[in-house]
Amino acid sequence: ELAIDPNHSQSLAYLGDIAIKQSRLDDALTLLKKVVQASDAPRIAYVDLGAVLMQQKQYADAAAALKRAVQLDPSQPDAHYRLARVYQATGDAANAQKEFAKVRELHRKADEPLASKIAVPAPPLPK
């Protein structure tokens, strides 16, 4: 996609994610900042941007990016978890606890369908 559109948000977000995994945080930051300027920026770009900014101790900017990720998809626990960690780092224990509680709730909800299947007894084996 980048050969066709050098500003393709999803592709740039993937490149940013790869840069993070390779510990090239400055490259990741450049790519991710470019991605979030687009109106169609994916949620994961905001999560990754928040993670990089937190590593660089830019907590206010990290919180803003992670809050945007939560707005885009509040059902994903990763942004809530990282936002809780930002709140922890800044000494905001009350908001950190709220976000950690949300993470637990989302994981519990995700596990409910599986738990209900496990709770159903298996049919008897044929004789």
Side-chain angles (χ1 to χ4, degrees):
E1 288 292 328
L2 286 174
I4 297 168
D5 177 6
N7 294 313
H8 187 258
S9 296
Q10 190 73 39
S11 298
L12 291 173
Y14 286 136
L15 290 174
D17 190 57
I18 291 168
I20 290 171
K21 287 178 172 75
Q22 294 175 340
S23 298
R24 297 181 1 249
L25 297 183
D26 290 336
D27 292 340
L29 191 59
T30 299
L31 288 163
L32 295 167
K33 282 185 175 182
K34 186 174 183 178
V35 173
V36 299
Q37 291 174 354
S39 61
D40 65 340
R43 178 195 65 86
I44 194 64
Y46 288 98
V47 173
D48 284 349
L49 179 60
V52 171
L53 291 167
M54 185 174 172
Q55 287 182 18
Q56 295 182 341
K57 298 186 180 355
Q58 297 179 39
Y59 299 120
D61 291 337
L66 293 165
K67 287 176 185 178
R68 180 66 181 135
V70 167
Q71 286 176 338
L72 289 172
D73 189 352
S75 69
Q76 295 298 316
D78 58 341
H80 291 283
Y81 176 78
R82 290 183 185 278
L83 185 55
R85 296 297 310 264
V86 169
Y87 287 140
Q88 258 185 338
T90 60
D92 187 346
N95 278 319
Q97 285 181 338
K98 286 179 190 175
E99 290 300 321
F100 282 131
K102 186 68 177 174
V103 171
R104 285 189 297 276
E105 175 190 339
L106 290 169
H107 280 291
R108 182 183 49 75
K109 284 183 180 179
D111 291 341
E112 283 175 356
L114 178 61
S116 68
K117 288 178 185 175
I118 293 171
V120 174
L125 295 172
K127 294 183 181 183

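Starting from 1, each residue takes its place in the sequence as its number.
In this structure, Val70 is not a member of the same hydrophobic cluster as Tyr81, with clusters built from ILVMFWY side-chain heavy atoms closer than 4.5 Å. Tracing side-chain contacts under 4.5 Å through hydrophobic residues (I, L, V, M, F, W, Y), one reaches Leu15 starting from Val35; they form part of the same cluster. Following chains of ILVMFWY side-chain contacts shorter than 4.5 Å, one can reach Tyr46 starting from Leu25, so the two form part of one hydrophobic cluster. Taken together through direct or relayed side-chain contacts under 4.5 Å among Ile, Leu, Val, Met, Phe, Trp and Tyr, Met54 and Leu83 form part of one hydrophobic cluster. Val86 and Phe100 are members of different hydrophobic clusters when ILVMFWY side chains are connected at heavy-atom separations under 4.5 Å.
Crowding of Tyr87 atom OH: a count of heavy atoms from other residues, nucleotides or ligands under 6.0 Å exceeding 12.
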Inset, instruction - Starting from the C-alpha separation in whole Å, work towards a yes-or-no answer on side-chain contact (heavy atoms from CB on, under 4.5 Å) for Asn95 and Glu99. - result: CA-CA 6 Å; Asn95 278 319; Glu99 290 300 321; 5.6 Å; no

Inset, instruction - For the pair Arg104 and His107, evaluate side-chain contact (heavy atoms from CB on, under 4.5 Å) and give the outcome as yes or no after the intermediate values. - result: CA-CA 5 Å; Arg104 285 189 297 276; His107 280 291; 5.9 Å; no

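Using a 4.5 Å cut-off on side-chain heavy atoms (C-beta onward), Gln56 and Leu29 make contact. Counting heavy atoms from C-beta on, the side chains of Thr30 and Lys34 never come closer than 4.5 Å. Here the side chains of Ile20 and Leu32 are in contact, with some heavy-atom distance below 4.5 Å. The side-chain heavy atoms of Asp73 and Gln76, taken from C-beta on, include a pair separated by under 4.5 Å.
Taking each heavy atom of Ala62 and Gly50 in turn, the nearest pair found is CB-O, 3.4 Å. Smallest separation of non-hydrogen atoms from Gly16 and Leu31: N-CD1, 3.7 Å. When every heavy atom of Pro77 is checked against every heavy atom of Ser75, the shortest pair comes out as CD-O, 3.5 Å. Smallest separation of non-hydrogen atoms from Ala28 and Val52: CB-CG2, 4.2 Å. Residues Leu72 and Ala41 share a closest heavy-atom pair of CD1-O, 4.0 Å.
A distance of 9.0 Å separates CD of Gln58 from CG of Leu49, quoted to the nearest 0.5 Å. Within the model, atoms CD of Gln71 and CG of Leu66 stand 11.5 Å from one another, a figure rounded to the nearest 0.5 Å. Between the CG atom in Asp17 and the CG atom in Asp48 there is a gap of 4.5 Å [rounded to 0.5 Å].
Comment: Arg43 engages Asp78 in a salt bridge, judged by a side-chain N to carboxylate O separation of less than 4.0 angstrom.
Thr90 and Asp92 share no side-chain donor-acceptor pair at under 3.5 Å.
His80 contributes a side-chain N or O that, together with a main-chain N or O of Pro74, makes up a donor-acceptor pair within less than 3.5 Å.
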